[in-house]
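First the structure, in the form of structure tokens, and then the observations on it.
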Amino acid sequence: MRGDAAVAVVVAMLAAGAAFGAGQATVAPVAGRVDIRLAEEAQFRVLGAQRQLPATAYLRTGAGGVATIQYADGSHITVKPGSLVQVGG
């Protein structure tokens with residue numbers, strides 16, 4: 001399971017970096033616990049609803065958490081349980 005989460009982090013970061021320039025992405029929780037942390041914040045907090053996040057934000061999914069990140073170019077990634085990604089990679 002840890003290997004799958006590590007692969008998900010790498011894939012998410014590569015996809016995000018390729019698809020994301022300057023600006024924001026839409027992040028939406030799909031299932032379970034999903035937390036966010038903006039660059040200027042010290043702590044993660046629960047992502048309660050879909051929202052726009054800057055490229056510098058971090059997204060963390062819990063054991064059963066799943067989220068999607070939708071980029072301006074129409075591409076998207078699914079963040080699997082137990083992952084930590086920077087929205088803009």
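Numbers for residues simply follow the sequence, beginning at 1.
The shortest side-chain heavy-atom distance between Leu53 and Ile36 falls under the 4.5 Å cut-off. Residues Ile69 and Val79 are in side-chain contact: their nearest non-hydrogen atoms beyond the backbone lie under 4.5 Å apart. Contact of the Leu59 side chain with the Leu84 side chain is not registered, since no non-hydrogen atoms from C-beta on lie closer than 4.5 Å. Side-chain atoms of Ile77 and Tyr71, non-hydrogen and from C-beta on, do get closer than 4.5 Å to each other.
Residues Val30 make up the rest of the hydrophobic cluster containing Val66, defined by ILVMFWY side-chain heavy atoms closer than 4.5 Å, directly or through other members.
Residues Pro29 and Ala49 approach most closely at CD-C, 3.9 Å, considering heavy atoms. When all heavy atoms of Ala63 and Pro81 are compared, the pair lying nearest together is O-CB, 3.0 Å.
Pairs engaging residues 41-50 under the side-chain hydrogen bond (donor to acceptor under 3.5 Å, both in side chains) rule: Glu41-Arg45 [sequence neighbours left out].
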Working note: Val27 + Val87, criterion side-chain contact (heavy atoms from CB on, under 4.5 Å); need CA distance, chi angles, decisive distance, verdict. CA-CA 8 Å; Val27 179; Val87 172; 4.3 Å; yes
Let's go through Arg33 and Asp35 carefully: what are the C-alpha distance in whole Å and the side-chain angles of both, what is the deciding distance for salt bridge (Lys or Arg N to Asp or Glu O under 4.0 Å) to 0.1 Å, and is it a yes or a no? CA-CA 7 Å; Arg33 184 171 179 126; Asp35 299 321; 3.0 Å; yes
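Distance alone, capped at 3.5 Å, places no donor-acceptor pair between the Thr61 side chain and the Val34 backbone.
One distance of note links CD of Gln52 with CD of Gln70; it measures 10.0 Å at 0.5 Å rounding. With rounding to the nearest 0.5 angstrom, the OG1 atom of Thr68 is 7.0 Å from the NE2 atom of His76.
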